A.B. asks: 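Have a look at this one before I ask anything.
Since the structure is predicted, the reported quantities are computational estimates derived from the model, not experimental observations.
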Amino acid sequence: MNDKVYRVSEFSKMTGLSKETLRYYAEVKLLEPAYIDPKNNYRYYDNGSYLIAMILVSLRKFNFTIQEMITVIEDESFENLENILNQKKRGIQKKIEELHGTIDEIDQFLKWGNEEDERC
């Protein structure tokens with residue numbers, strides 16, 4: 001192990017990922033420790049792990065599912081990442097349009113209610 005290694009607690013602070021999240025990510029093979037000490041089963045992460053963790057933090061912010069994150073990480077070239085991000089972006093834009101439509105409907109409803117009040 002030539003690379004600097006970090007214990008779980010230190011790595012958790014560095015990445016903002018909780019110890020529980022790191023444990024779960026290891027279980028689903030999303031982010032496995034770089035080294036596990038056979039004597040005490042302590043898990044250690046390295047700088048390569050940090051890069052992957054920061055990618056995962058971003059993907060979480062973009063509302064990626066665990067399966068989507070696994071797909072991205074398994075494709076080590078990240079070739080499909082741009083396509084997946086563009087898909088997410090289109091989905092978000094569609095939701096924004098739907099929400100704007102809902103706001104317009106609420107405004108129309110309120111306007112209609114005010115017109116009814118004025119007639120009474």
A.B. asks: Going through the checks in order, is the side chain to side chain contact (heavy atoms under 4.5 Å, CB included) test met by Q67 and I70?
C.D. replies: CA-CA 5 Å; Q67 190 55 53; I70 289 170; 4.2 Å; yes

A.B. asks: Evaluate the side-chain proximity of E74 to K29: yes if any heavy-atom separation is below 4.5 Å, no if none is.
C.D. replies: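 No, every pair of side-chain atoms sits at 4.5 Å or beyond.
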
A.B. asks: Could you tell me the separation between the OH atom of Y45 and the CG atom of L22, rounded to the nearest 0.5 Å?
C.D. replies: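 Between atom OH of Y45 and atom CG of L22 there are 4.5 Å.
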
A.B. asks: Check whether any side-chain heavy atom of Y24 lies under 4.5 Å from a side-chain heavy atom of I66, and answer yes or no.
C.D. replies: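 They are in contact (side-chain heavy atoms under 4.5 Å apart), so the answer is yes.
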
A.B. asks: Just grab all the salt bridge (charged side-chain N to carboxylate O under 4.0 Å, His left out) pairs involving residues 49-73, residues at least two apart or on different chains.
C.D. replies: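 Those involving residues 49-73 are E68-K88.
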
A.B. asks: Let me check something: do Y50 and I36 share a hydrophobic cluster, defined by ILVMFWY side-chain heavy atoms less than 4.5 Å apart, either directly or through other members?
C.D. replies: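 Y50 does not cluster with I36.
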
A.B. asks: If the condition is side-chain hydrogen bond (donor to acceptor under 3.5 Å, both in side chains), which residues does Y6 pass it with, not counting sequence neighbours?
C.D. replies: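 Counting only residues at least two positions away or on another chain, Y6 forms a side-chain hydrogen bond (donor to acceptor under 3.5 Å, both in side chains) with N47.
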
A.B. asks: Report yes or no: does D75 contribute a side-chain atom to a donor-acceptor pair with the main-chain N or O of T71 at less than 3.5 Å?
C.D. replies: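 Not at all, since once roles are kept as given, no pair shorter than 3.5 Å links the two residues.
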
A.B. asks: Taking a hydrophobic cluster as the set of Ile, Leu, Val, Met, Phe, Trp and Tyr residues connected by side-chain heavy atoms closer than 4.5 Å, whether directly or through intermediates, do L51 and F11 fall within one such cluster?
C.D. replies: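 Shared cluster, yes.
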
A.B. asks: Between OG1 of T21 and CG of L56, what distance do you get to the nearest 0.5 Å?
C.D. replies: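 Here the rounded value is 10.5 Å.
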
A.B. asks: Measure the CZ-CD1 distance between F62 and I84 for me, rounded to the nearest 0.5 Å.
C.D. replies: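 Here the rounded value is 12.5 Å.
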
A.B. asks: State the OH-CD distance between Y44 and E10, to the nearest 0.5 angstrom.
C.D. replies: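 Here the rounded value is 10.5 Å.
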
A.B. asks: Determine whether M69 and Y25 make a side-chain contact, defined as any pair of heavy atoms from C-beta on separated by less than 4.5 Å.
C.D. replies: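 The answer is yes, as the side chains (C-beta and beyond) meet within the 4.5 Å cut-off.
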
A.B. asks: In Å, rounded to the nearest 0.5 Å, how long is the span from OG1 of T65 to CG of L59?
C.D. replies: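 If I round to the nearest 0.5 Å, the distance is 10.0 Å.
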
A.B. asks: For the hydrophobic clusters of this structure (ILVMFWY residues joined by side-chain heavy atoms under 4.5 Å, transitively), does one cluster hold both M54 and F64?
C.D. replies: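 Yes, M54 connects to F64 through the hydrophobic network.
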
A.B. asks: How close do L31 and S49 get, counting heavy atoms only, and between which atoms?
C.D. replies: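 Taking every non-hydrogen atom into account, CD1-O, 3.7 Å.
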
A.B. asks: For the hydrophobic clusters of this structure (ILVMFWY residues joined by side-chain heavy atoms under 4.5 Å, transitively), does one cluster hold both I106 and L99?
C.D. replies: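 Cluster IDs for I106 and L99 differ.
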
A.B. asks: Nearest 0.5 Å, what's the CG-CD distance between N83 and Q87?
C.D. replies: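 The CG atom of N83 sits 7.5 Å away from the CD atom of Q87.
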
A.B. asks: Heavy-atom count check: over 12 atoms from other residues, nucleotides or ligands less than 6.0 Å from E82 CD?
C.D. replies: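 For E82, atom CD is not crowded (no more than 12 foreign heavy atoms under 6.0 Å).
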
